[in-house]
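Shown next, in structure tokens, is the structure this report addresses.
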Amino acid sequence: MLLSVVVPVHRAQGYLRATLESALGRGSGDLELLVVDDGSRDGSAEIAAEFAARDPRAGVLTLPEHRGAGPARNAGAAEARGRYLLFLDGDDLLRPGALDAITARLAGSEPDVLLLGHDRIDWWGTVTPPQTGPDGFSTVTPRLFRRAFWSAHGLRFTDGPYEDVLPVLSATLLASDAGTLDTLDRICVRQRVRRTGTFATTPGRHHFAIVDAYERLLAATGPDLRIRAARARHLRTVLDDPGRIVPEDRAAFHRAADLPGSYAVHRAQEAVRTGRARTREALRRRKKKLRTGLTRAAYRADLLRPLDPNLAVYGAYWNRGVACNPAAIHAKALELAPHVQGVWVVSSRHRDRMPPGVPYVIEGSLAYWRIMATATYLINNSSFPGGFTKRPGQRYLQTHHGTPLKTMGLDQRAYPALTNGISFEKIVAHADQWDFSLSANPHTTEVWDRVYPSGYEHLNLGYPRNDVFFTATPERIAEIRRRLHLDPERTVLLYAPTHRDYRKGFVPDLDLDRLTRELGPRYVVLVRAHYFYGRSAAPDSSRVVDVTGHPSVEELCLVSDALITDYSSLMFDYACLDRPIISHAPDWAAYRASRGAYFDLLSGRPGDTPGAVATTDDELLELFRTGEWRSARTAELRAAFRARFCPYDDGHAAERVVRRLFLDGGE
């Protein structure tokens with residue numbers, strides 16, 4: 001066996017599933033995955049056990065009590081059987097292709113230590129390369145250790161904080177001196193930086209332990225200049241991090257670390273560095289202004305170029321990637337109008353969401369402005385960035401991304417507290433750019449006509465993103481379930497609440513732990529937070545699965561047996577499936593008062609209410625206990641709701657749109 005991946009786990013339930021999937025689901029199978037349960041009291045152990053039960057490459061080693069990351073890693077290394085050891089944290093990710101790249105590199109050489117390329121992603125989704133020391137003398141750099149080398153030198157992680165300093169840098173020094181240190185110049189590991197809940201994000205004097213860690217290292221290795229340089233860099237990094245050393249402890253840390261120069265000198269140096277940083281920022285702003293001017297000049301020149309009759313630009317959800325109605329239209333256009341080249345607009349922070357082989361440009365780039373100037377077709381479910389100039393001959397299709405329950409467009413003027421400075425003049429100016437507005441039902445057409453008043457043409461053709469609800473085969477649904485590791489014998493409930501304008505962050509109104517506990521093991525709940533948040537606060541376990549990051553909400557609908565939602569427009573799409581819809585709406589009065597609604601979702605009137613209704617958790621559980629959630633009465637409500645909101649959807653909406661937009665309604 002080539003590789004043993006050791007993952008110590010303590011309080012990582014929100015991250016662990018993706019970590020394990022990244023190791024087991026990509027590339028080479030010549031590995032074992034050892035999850036060391038370090039006294040977890042959350043759902044981490046259950047997640048690890050779930051993976052071990054379904055994949056023979058995975059195993060779980062349970063420690064009798066919480067010992068810390070060092071002892072947990074040592075326990076995993078002692079059980080490992082692979083030629084190489086890779087230690088990952090419970091929130092790290094192996095990047096696609098990493099295992100194949102590692103396998104290929106080790107097929108041609110057998111280093112004692114192999115340094116791996118890596119990057120970091122913060123809780124906002126910003127990806128950055130971390131600062132590392134020369135020749136790998138930084139503990140932040142992930143690396144592989146040849147297991148025989150690790151054992152021969154008696155390398156072990158220490159107890160307590162900064163447990164990796166002694167073994168990792170000792171191993172690097174030994175391998176470097178012996179000429180058996182190698183580097184794989186590829187991003188293999190993504191380190192997810194959590195905002196809270198980790199040692200690194202908890203400030204306090206426990207970070208003084210790094211001083212002792214380097215003292216032990218220097219005692220073991222001698223006065224090596226590389227280690228001394230690594231020590232100085234690492235200790236200064238800790239000193240300057242307010243998430244570790246609070247201001248009132250910095251002088252004491254500086255003395256304990258015995259760093260060159262007095263703390264007063266250090267503060268002066270910091271002030272100089274801060275001044276330099278401000279200067280650099282001012283220069284950056286000037287360069288950006290100049291670059292913007294140059295970009296605008298290039299765009300003005302591109303506006304003089306002829307339109308490309310076979311170029312289409314797609315965008316979705318404010319440049320988040322391939323999704324929704326534009327994605328379905330793009331896919332159908334490749335089939336029916338292959339002469340039209342489709343290019344997607346994506347923001348730099350979401351470029352890693354782009355599927356392989358799909359052409360794209362980064363918003364704001366020169367390439368972006370060129371295609372916006374020369375493309376004949378513009379398709380979006382929100383808006384294109386930057387304020388482009390629509391040219392005569394360009395055809396703009398606004399697909400929207402949902403049937404309106406809450407007020408939209410100019411109707412929002414009645415709720416000024418929640419408009420967040422929206423310019424209604426810009427809303428109207430944007431609608432003036434549209435040539436076509438796509439609609440899924442008469443209700444939507446009527447609302448759009450009023451709230452986006454302009455001269456565009458309504459296309460009452462249905463929502464292309466819903467075609468899959470009519471065309472998906474049982475085999476495809478079963479395959480999606482397998483990919484999501486859903487037991488075919490369990491009832492799958494999709495919980496998809498919407499965004500509240502009057503709240504910050506995702507705060508589910510439903511007690512998911514209680515729901516799954518009282519429903520029992522026959523049910524599993526998939527939690528899909530609104531795309532504004534990018535993640536949910538759901539307790540990830542074998543019975544509550546956070547699927548907020550899953551790229552296709554349509555797939556989640558297909559594998560579910562029922563939808564639980566509040567005011568999300570997903571209910572209108574889900575009605576196409578003719579499966580139970582449960583409205584869990586504990587704050588309906590507050591929602592209507594704060595944002596307004598076009599009809600009373602909880603009225604019980606046919607066409608207004610999609611099925612069973614609950615305003616408390618107790619009422620929701622009662623619906624399941626009595627079976628009312630899928631009774632004949634709720635089926636009748638669903639049928640009326642479906643007739644009102646899904647009259648155009650039949651599995652051929654994308655085809656109709658492609659023929660209307662690209663083929664002028666012809667064949």
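Positions are given from 1, in the same order as the sequence printed here.
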Taking side-chain contact (heavy atoms from CB on, under 4.5 Å) as the test, write out the residues that go with [X], two or more places apart.
X	result
Asp617	Leu510, Asp511, Arg514, His584
Pro161	Phe199, Ala209
Thr491	Leu493, Arg522, Tyr523, Asp561, Trp629

Taking [X] for the side chain and [Y] for the main chain, is one N or O donor matched with an acceptor at less than 3.5 Å?
X	Y	value
Arg351	Val346	no
Arg190	Ile121	no
Asp91	Ala12	no
His350	Gly321	no

Pairwise side chain to side chain donor-acceptor pair (under 3.5 Å) hits with a residue in residues 71-90, at least two apart
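Residue pairs with at least one partner in residues 71-90: Glu32-Arg81, Arg73-Asp89, Arg73-Glu163, Arg83-Glu110.
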
Evaluate the criterion side chain to side chain contact (heavy atoms under 4.5 Å, CB included) for residue pair Leu106 and Leu144; output intermediate values, then yes/no.
CA-CA 10 Å; Leu106 295 180; Leu144 267 65; 3.8 Å; yes

Phe208: partners by ring pair (Phe, Tyr, Trp, His ring centres under 6.0 Å), with sequence neighbours left out
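Per chain and number, Phe208 pairs via ring pair (Phe, Tyr, Trp, His ring centres under 6.0 Å) with Phe253.
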
All salt bridge (Lys or Arg N to Asp or Glu O under 4.0 Å) counterparts of Arg156, not counting sequence neighbours:
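So Arg156 forms no salt bridge (Lys or Arg N to Asp or Glu O under 4.0 Å) with any residue.
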
Suppose we call two aromatic rings close when their centres sit under 6.0 Å apart. Are Trp344 and Tyr317 close by that rule?
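No, the ring of Trp344 stays outside the 6.0 Å limit from the ring of Tyr317, centre to centre.
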
Where [X] and [Y] come nearest, the two heavy atoms and their spacing:
X	Y	result
Ala496	Leu563	CB-CD1, 4.1 Å
His118	Gln191	CD2-OE1, 3.5 Å
Phe51	Leu24	CD2-CD1, 3.7 Å
Leu114	Leu184	CD1-N, 3.8 Å

For residues Thr19 and Arg192, is any side-chain donor paired with an opposing acceptor at under 3.5 Å?
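There is such a pair between these side chains.
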
Does the side chain of Ser347 come under 3.5 Å of the side chain of Asn319 through a donor N or O and an acceptor N or O?
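Judged by distance alone, the side chains do not pair up.
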
Do Arg147 and Phe145 meet the cation-pi criteria used here (NZ or CZ under 6.0 Å from the six-membered ring centre, within 45° of the axis)?
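Judged by the rule (NZ or CZ under 6.0 Å from the ring centre, within 45° of its axis), Arg147 is not positioned above Phe145.
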
